[in-house]
Number of protein chains: 2
Amino acid sequence: MKRLREEELALWRSFVRLHASVIRRIEQDLADDRLIPLTWYDVLVALYQAPDHRLRMGVLKERTVLTASGITRLVERLEQQGLVRRERTEEDRRSTYAVLTRDGKRAFLQAWPTYEKGIADYFVNMLNAEEQRIIRSAFERMLAAHDAKGTASEPL
Amino acid sequence: MKRLREEELALWRSFVRLHASVIRRIEQDLADDRLIPLTWYDVLVALYQAPDHRLRMGVLKERTVLTASGITRLVERLEQQGLVRRERTEEDRRSTYAVLTRDGKRAFLQAWPTYEKGIADYFVNMLNAEEQRIIRSAFERMLAAHDAKGTASEPL
DNA sequence: TATCAATATTTGATTACGCAATTAATACTG
DNA sequence: CAGTATTAATTGCGTAATCAAATATTGATA
């Protein structure tokens, strides 16, 4: 049971706080511009990139940071806003597809410039090329390891 | 208006997802061991480290990741659990102090081993010494820059 | 020093999310 | 091929966090 050193703890704290700060700022900018929130964006983009702009709820869950019930409710709201449509299919009648609507496509295309600028201003552009490379490779490696382990408890 | 490159976007996504994954795992471990949640821990530690184990609500807010009302409610719950006591003072009767109780101290000391292990297992120990150094210094620099800017909208 | 502004915290209303249980359909097994 | 297990998604219920408005107190100013 190795104890954490002071610098290691500082590293952890910086990670948590930076995350909160960046997310809050981007969310604020989106709200200021009357655009959709980050969570909506994540779903709509995933659909946009998918073949036929449609994806099963389960896949959608994996692409976001939510649990199954979280996704159900989020898609429900998106459907109410007309940004997404739900479809059941014959091939497997347990599953539901979420399909991007025309309005949904428009909503996320409108949000992108603000989102992109937020990511750049509050995060990416504050890192030099070497830092970017190192952080990305470390984080992706860690994520892979996380996934490898608790796939059971994975709402990732 | 510089556009984000693919790798920059991947960097951003790895950041967001890693954060969600690590936090979720630690929170789960704490729950499994019947210990206090992360947010409680943050408050209790801040109080523990403060002179006389007491801090004004506003200061507490700065040390966590919550807004003013978030802190009010969190401290409220902690008070209900007997982990914290609220005190008003004569020097400035607008402000409230939160004071760590004996039970509060015990609760967070009990949680620490699990929390520490989580930080180590899911985050710190997955990074080599150089990565740790680089990430910490970059993140702390970014946080400082964030604070310098929007101190107005800062619940940081 | 009465008034207006600023600060510190709290409250009301709303929203989002998680867990555990539920429903429904498909896959496996003896 | 009947019965059980597994998978996919949803729902009930509770908790926690936010924003905006309210309250209370202190500071500034004319």
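Sequence lines set the chain letters: A, B, ... in the order given, protein chains first and strands last, and positions in each chain run from 1.
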Between A/Ser69 and A/Arg93, which is nearer to the 5' end of DNA chain C once each is assigned its nearest nucleotide?
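Here A/Ser69 is the residue nearer the 5' end.
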Look at the side chain of B/Arg94 and the base of C/dT9, then say whether one donor and one acceptor between them are separated by less than 3.5 Å.
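Answer no: no donor N or O sits under 3.5 Å from an acceptor.
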Whole Å only: how far is the [atom1] atom of [X] from the [atom2] atom of [N]?
X: B/Leu55; N: C/dA8; atom1: CG; atom2: C1'; value: 14 Å
X: A/Glu76; N: C/dT15; atom1: CD; atom2: P; value: 13 Å
X: B/Leu30; N: C/dC19; atom1: CG; atom2: C1'; value: 17 Å
X: B/Arg73; N: C/dT14; atom1: CZ; atom2: P; value: 13 Å

Could you tell me whether [X] and [Y] have a side-chain N and a carboxylate O separated by less than 4.0 Å?
X: A/Glu7; Y: B/Arg136; value: no
X: A/Arg94; Y: A/Asp92; value: yes
X: B/Arg24; Y: B/Glu27; value: no

Give A/Arg86 one of three labels, base, sugar-phosphate or nothing, depending on what nucleic acid heavy atoms sit under 4.0 Å from its own.
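Here A/Arg86 touches the backbone only, sparing every base.
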Which is true for B/Thr96 with a 4.0 Å heavy-atom rule: it touches a base, it touches only sugar-phosphate, or it touches nothing?
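Sugar-phosphate, no base atom in range.
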Close side-chain approach of A/Arg88 to A/Tyr97, heavy-atom, < 4.5 Å
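SC-SC contact between A/Arg88 and A/Tyr97 ruled out.
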